[in-house]
Amino acid sequence: MLAITERDFGNIVRERRLELGLTQAQLAKRIGMSRQWVVGFEGGRAATATIAHLVRVAEELRLDIDVTAAP
């Protein structure tokens, strides 16, 4: 799945979290963030997310991140 916007990335994270049967609180605990942070991130409000946060989320949800140049 391709993520272009913060909202896209949030949707991918939400879908994968649900596939794995995790609650927002469980994911938050596993990545060392608050549930409110996960709620905001999944809602497309990732302004406070760092690269380290993105990597932790991806690792916990077993997602690959592929960064390529835009056409």
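- Taking each heavy atom of Phe41 and Ala49 in turn, the nearest pair found is CE1-CB, 3.9 Å.
- Counting all heavy atoms, side chain and backbone alike, Ile65 lies closest to Leu54 at CD1-O, 4.0 Å.
- Side-chain heavy atoms closer than 4.5 Å link hydrophobic residues (I, L, V, M, F, W, Y) into clusters, and following such links, even through other members, never connects Leu27 to Leu18.
- The distance from atom CZ of Arg56 to atom CZ of Arg30, rounded to the nearest 0.5 Å, is 14.5 Å.
- Of the possible donor and acceptor atoms, none in the side chain of Glu60 sits under 3.5 Å from a partner among the backbone N and O of Val57.
- In this structure, Val13 and Val38 have side chains that are not in contact, with every pair of non-hydrogen atoms separated by 4.5 Å or more.
- Taking both residues in full, the closest heavy atoms of Arg35 and Ala25 are given as CG-N, 4.1 Å, listed atom of the first, atom of the second, then distance.
- To the nearest 0.5 Å, atom CD1 of residue Ile12 and atom CZ of residue Arg7 are 13.0 Å apart.
- Tracing side-chain contacts under 4.5 Å through hydrophobic residues (I, L, V, M, F, W, Y), one never reaches Leu20 starting from Val39; they form parts of separate clusters.
- In this structure the side chain of Arg17 reaches within 4.5 angstrom of the side chain of Glu42, judged on heavy atoms.
- Salt-bridge annotation for Glu19 and Arg16: present, with a side-chain N of the basic residue lying under 4.0 Å from a carboxylate O of the acidic one.
- Cluster annotation: Leu63 and Leu22 are assigned to the same hydrophobic cluster (Ile/Leu/Val/Met/Phe/Trp/Tyr, side-chain heavy-atom contacts under 4.5 Å, transitive).
- When all heavy atoms of Gly21 and Gln26 are compared, the pair lying nearest together is O-OE1, 3.8 Å.
- Taking the six-membered ring where tryptophan is involved, the planes of His53 and Trp37 are tilted, since the angle between them lies from 30° to 60°.
- The OG atom of Ser34 sits 14.5 Å away from atom NZ of Lys29, with the distance rounded to the nearest 0.5 Å.
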